[in-house]
Amino acid sequence: MKKVLVTGFEPFDGDELNPSSVLLDWLKERTFDFEVYTAVLPVSFTSASEKLNAAIEKYNPSHVLLTGFAKNRTELTIERIGINWVDARIPDNDGYALKSQKIFQNSPDGLFSTLPIDQILNAANNAKCPTKISTSAGEYVCNHLLYTYLLHHKKVPGTFLHIPGADCHEIFFQGIGAIINCL
Ligand code: PCA
């Protein structure tokens, strides 16, 4: 049975809102023909993955869509890969900055997203949402979460979507709604 878990992040870097958690409120007001669960995650190297693991355990989803905010991007970006690397430009919300190091010493350098990226791109394009495939989720908490998730949850297909900076996020939320429907 199709059950989609969508996660977003709390605000960080002095912002009042994070569009990825606004997305979760937007989704709660919509109806789908299947279950859509949401979870807000802390911008924390130590507890984001723990909270995600707890949500996966609780909801037992068939698909996972992780989302976060990328202020400097102009399109919705579908992350093709998580890398085994972290180099925080700013501390996380716990005040902790992991610098220039592997996430896990003896794990692969990179792991590919396990959802069909091209199908997702098509669904977003059909919804007229400006969207691109990305090969870098950055070196901060979002990539850390994606890599850790891909390493530990090989049986639950998932990927990461970065929501760009924009005055109005509606078109990106519509695109993500279309992506959820296409899975
Ligand atoms: N964006 C950050 C972390 C939380 C978020 O929404 C990132 O791209 O790593």
Side-chain angles (χ1 to χ4, degrees), residues 5-28 37-56 64-104 109-113 115 117 120 124 129-153 158-173 175-177 179-180:
L5 171 64
V6 186
T7 70
F9 275 108
E10 288 172 351
F12 69 111
D13 199 14
D15 287 343
E16 275 182 22
L17 284 176
N18 188 322
S20 66
S21 54
V22 179
L23 165 75
L24 305 185
D25 296 332
W26 186 90
L27 288 172
K28 282 182 204 153
Y37 304 106
T38 61
V40 182
L41 305 178
V43 181
S44 160
F45 288 113
T46 40
S47 51
S49 293
E50 285 170 19
K51 284 254 164 90
L52 173 62
N53 291 345
I56 291 175
V64 171
L65 273 182
L66 309 169
T67 76
F69 182 42
K71 203 179 272 184
N72 297 328
R73 295 189 183 179
T74 50
E75 282 136 327
L76 181 70
T77 45
I78 309 161
E79 302 298 346
R80 193 187 285 286
I81 189 166
I83 58 168
N84 187 9
W85 193 254
V86 63
D87 193 10
R89 179 181 56 84
I90 51 169
D92 68 8
N93 285 356
D94 298 332
Y96 191 49
L98 293 172
K99 288 287 185 190
S100 213
Q101 60 190 276
K102 283 188 161 190
I103 300 172
F104 294 103
D109 290 339
L111 292 169
F112 286 110
S113 289
L115 276 172
I117 300 297
I120 288 176
C129 170
T131 309
K132 262 177 39 177
I133 292 174
S134 157
T135 48
S136 175
E139 298 168 305
Y140 192 49
V141 176
C142 290
N143 175 71
H144 189 280
L145 179 75
L146 174 62
Y147 183 84
T148 307
Y149 161 77
L150 291 171
L151 188 66
H152 292 136
H153 297 282
T159 189
F160 196 103
L161 303 173
H162 263 120
I163 301 169
D167 291 339
C168 173
H169 285 99
E170 178 70 24
I171 188 66
F172 301 110
F173 294 173
I176 294 170
I179 289 170
I180 293 170

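Every number for a ligand or one of its atoms is a count from 1 in the order of the listing.
Distance from atom 7 (C) of ligand 1 to its nearest protein heavy atom, with residue and atom name: C142 SG, 2.8 Å.
No side-chain donor-acceptor contact under 3.5 Å links H153 to the backbone of Y149. T159 contributes no side-chain N or O that, together with a main-chain N or O of L115, makes up a donor-acceptor pair within less than 3.5 Å.
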*Applying side-chain contact (heavy atoms from CB on, under 4.5 Å), run through N143 and F160 and close with a yes or a no.*
CA-CA 9 Å; N143 175 71; F160 196 103; over 6 Å; no
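Of all atoms in ligand 1, listed by their number and element, those nearer than 4.0 Å to a heavy atom of G68 are 6 (O). Residue-ligand proximity, V141 to ligand 1, at heavy-atom distances under 4.0 Å covers atoms 9 (O).
At least one N or O atom of F69 sits closer than 3.5 Å to an N or O atom of ligand 1. For the pair N18 and ligand 1, the shortest N or O to N or O distance falls below 3.5 Å.
Legend: residues meeting side chain to side chain contact (heavy atoms under 4.5 Å, CB included) with T77, ordered by chain and number and at least two apart, are R73, E79, K132, S134, H162. Applying the ring-ring contact (aromatic ring centres under 6.0 Å, His included) rule to W85 yields no partners; only residues at least two apart in sequence or on another chain are considered.
For the atom pair OG1 (T67) and CD1 (I163), the distance works out to 4.5 Å, reported to the nearest 0.5 Å.
At a heavy-atom cutoff of 4.0 Å, ligand 1 is contacted by no atom of N143, backbone or side chain.
The closest approach between any non-hydrogen atom of H144 and ligand 1 is not below 4.0 Å.
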